[in-house]
Amino acid sequence: MCHPADMFFGWRMVGVSFAAQFLAIGVPFYSFPVLLKPLTEAFEVGRLLGSMPGTLASLAGIVVSPLVGRMIARFPLRGLMAAGALVMGLSFLMASHAVLFWQICAIYVLFVSFGSNALGAVTAPTLVVNWFKQRRAFALGISQMGVSLAGVAMPPLASWTLARGGFRSTYEFFGLALLAAAPLVWLAVVQRPEDRGLQPLGTPTMPGAPPAPPMPGSSSAAAQSEPDGRAANPAEAHGGQVTLRDALSEIRLWLVASSAGLCFMGISGVLQHGHAFATDAGYSNAQATEALIVVALGAAAGKPIFGMLATSLGERPAFLCSIAAQAVALLALPAGSAKFEIMLGIFFTFGLSMGGVVTLMSALLARCFGPRSFGAMVGYAGPVLVPFQMVGPLLAGWVFDTRGGYDLAIYLFAAALGLAAVALLSLRLPQVEPS
């Protein structure tokens, strides 16, 4: 049995990444549905306007996530992540004293978006990629379980604080918690194995060791350099910086991010309208909430499951399996909603497939571009993902308003998954990961 002292130190960084993503995404986005109605009542605004803070924060991510991605090459990760916790903590304390609704919106756009990306959305996967070559997808899956489990924990926690002092008390509670987390993040993060005299897991340690063999799922026609002589690692061209021009010229970034984005179109649509779908099917509010919790639990389980699948089969085959499972769940949903237990099983399957998307997107980006360019490429993937995420809920709402049901939207989401599979199959993977 392995003694804890003999455990690879990188697994501790997986735990740090788990906690960072739990806070970075869980606090601002999974608590907000609980705050929506109290905010609209307190500021006397409608539901459409009341939902704007989260939507505007996502839009701001189009600018913020590439910015944070580029900052990774210039500043220590622990500094960025601690700053993210500090900024988000202060932003929630400011929100607790807001007197006009536009102030809440401005806080989400100017501060919450940066804090979320700097604390976890962009930086935390980068930390894991720095520490792992082997078992990377599995490590990413474990760390990103924090996002899904936040979907289970944050709504009841927000409800508990809300019952004790209204939305201001909730914002104050989360603000103080994030401020307390900032120094802990600073102390806990070790950016690279070399900072501890170690090597990433899976790196040959003997002098003169042969290079790593081709990775699962690689194409024999691909190589570490492109046919036109460009380095497979975009950061090599500009002294560690990946420019916007570099990113936009990388067809691999477009293919990976658009594949994930097409998946997220259905994911965001189901998450935003899943509660309404279940109540429209005749179930109570409590049963509809239970269905969404089942989705979150499925997503938490799906991350390590698809991470292990990627380790054995390769990232692309695992991603295709995730897409297939999501398509099956979507196509089964209209008929399967007639019985509650069957609907829960479908939602759990959908959650499982959903859990694999972020993990496998991160693993593919690391595989295509290597650790040095990974943080920047995750940042540049954000602007590709966000439009898809926004289209999903809007499409579902438009279909419901015009047809009185969600069936057509569900079938369109399933069709989008076919395009995601085509994009993945068009992706040319390197045999050897860029160093």
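Please read these numbers as outputs of a predicted model, since none were measured by experiment.
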side-chain contact (heavy atoms from CB on, under 4.5 Å) between V270 and L330: does it pass, once the steps are laid out? CA-CA 9 Å; V270 170; L330 284 172; 4.0 Å; yes

What's the verdict on side-chain contact (heavy atoms from CB on, under 4.5 Å) for L309 and L360, showing C-alpha distance, side-chain angles and the deciding distance? CA-CA 10 Å; L309 195 61; L360 296 169; over 6 Å; no

Please determine whether ring pair (Phe, Tyr, Trp, His ring centres under 6.0 Å) holds for the pair Y171 and F92, giving the CA-CA distance in whole Å, both sets of side-chain angles, and the decisive distance to 0.1 Å. CA-CA 5 Å; Y171 275 132; F92 280 119; 5.4 Å; yes

Starting from the C-alpha separation in whole Å, work towards a yes-or-no answer on side-chain contact (heavy atoms from CB on, under 4.5 Å) for V190 and R78. CA-CA 7 Å; V190 179; R78 69 173 185 172; over 6 Å; no

What verdict does the side-chain contact (heavy atoms from CB on, under 4.5 Å) test give for R192 and D195, after you've listed the backbone C-alpha separation in whole Å, the side-chain angles of each residue and the deciding distance to 0.1 Å? CA-CA 6 Å; R192 297 184 184 278; D195 297 337; 4.0 Å; yes

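Under a 3.5 Å cut-off, the side chain of R252 and the backbone N or O of L427 do not form any donor-acceptor pair. Side chain of T311 to backbone of G307: a donor-acceptor contact under 3.5 angstrom is found. A donor-acceptor contact shorter than 3.5 Å is absent between the side chain of Q287 and the backbone of A278. Side chain of R168 to backbone of A98: a donor-acceptor contact under 3.5 angstrom is found. No side-chain donor-acceptor contact under 3.5 Å links S116 to the backbone of V112. The backbone N or O of M265 lies less than 3.5 Å from a partner atom in the side chain of S268, making a donor-acceptor pair. Judged purely by atom type and a 3.5 angstrom limit, S169 has no side-chain atom pairing as donor or acceptor with the backbone of G166. Although no hydrogens or angles enter the test, the distance criterion places no donor-acceptor pair under 3.5 Å between the side chain of S322 and the main chain of G356. For the pair R164 (side chain) and W160 (backbone), a donor-acceptor distance under 3.5 Å is present. For the pair S31 (side chain) and V27 (backbone), a donor-acceptor distance under 3.5 Å is present.
The only option from L178, L93, N117 that meets the side-chain contact (heavy atoms from CB on, under 4.5 Å) definition with M88 turns out to be L178.
Distance CG/L80 to CD/Q191: 8.5 Å, rounded to 0.5 Å. Taking CE from M81 and CD1 from I72, the interatomic distance works out to 9.5 Å, rounded to the nearest 0.5 Å. In this structure, the separation between CZ on F8 and CE on M13 is 10.0 Å, given to the nearest 0.5 Å. Rounded to the nearest 0.5 Å, atoms CZ (F350) and CD1 (I267) are 5.5 Å apart. For the atom pair CG of L23 and CZ of F18, the computed distance is 10.0 Å after rounding to the nearest 0.5 Å. The SG atom of C321 sits 12.5 Å away from the CG atom of L352 when rounded to the nearest 0.5 Å.
Heavy-atom neighbours of F388 CZ from other residues, nucleotides or ligands within 6.0 Å: above the threshold of 12.
For T170, the side-chain hydrogen bond (donor to acceptor under 3.5 Å, both in side chains) test picks out T161, with sequence neighbours left out. Remark: S91 engages no residue in a side-chain hydrogen bond (donor to acceptor under 3.5 Å, both in side chains) (not counting sequence neighbours).
L424 places none of its side-chain heavy atoms less than 4.5 Å from the side chain of L255. Looking only at side-chain heavy atoms (C-beta outward), M71 and L67 come within less than 4.5 Å of each other. Inter-residue side-chain proximity for F348 and V295 is flagged as unmet; no heavy-atom pair is nearer than 4.5 Å. Under the 4.5 Å side-chain criterion, counting only non-hydrogen atoms from C-beta, L157 is in contact with F173. With a 4.5 Å cut-off on side-chain heavy atoms, F306 and E315 do not count as touching. A 4.5 Å side-chain heavy-atom check between L162 and L35 finds at least one atom pair inside the cut-off. Contact check for M154 versus F22: side-chain heavy atoms found under the 4.5 Å cut-off. The side-chain heavy atoms of S17 and Q21, taken from C-beta on, include a pair separated by under 4.5 Å.
The minimum heavy-atom distance between A299 and M354, with the atom names listed, is CB-CE, 3.4 Å. Closest of all the heavy-atom pairs between G61 and S113 is N-OG, 3.5 Å. In plain terms, the two heavy atoms of K133 and P200 that are nearest each other are CG-CB, 4.2 Å. Here the closest non-hydrogen pair linking M361 and F319 is N-CE1, 4.0 Å. Taking each heavy atom of A20 and L119 in turn, the nearest pair found is CB-O, 3.5 Å. The minimum heavy-atom distance linking L127 with W131 is given by the pair O-CD1, 3.2 Å.
A tilted orientation is assigned to the rings of F340 and Y283, their planes being inclined by 30° to 60°. Taking the six-membered ring for Trp and thresholds of 30 and 60 degrees, F277 and F347 have ring planes more than 60 degrees apart, a perpendicular arrangement.
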With a cut-off of 3.5 Å and sequence neighbours excluded, list every side-chain donor-acceptor pair involving residues 142-153.
{"residue": "S143", "atom": "OG", "partner": "L140", "partner atom": "O", "Å": "2.8"}
{"residue": "Q144", "atom": "OE1", "partner": "T359", "partner atom": "N", "Å": "3.1"}
{"residue": "Q144", "atom": "OE1", "partner": "T359", "partner atom": "OG1", "Å": "2.7"}
{"residue": "Q144", "atom": "NE2", "partner": "S362", "partner atom": "OG", "Å": "3.4"}
{"residue": "S148", "atom": "OG", "partner": "K303", "partner atom": "NZ", "Å": "2.7"}

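Ion pairing of E341 with K339 is present here, as a side-chain N (NZ or NE/NH1/NH2) and a carboxylate O approach within less than 4.0 Å.
W11 and F132 have their aromatic ring centers within a separation under 6.0 angstrom.
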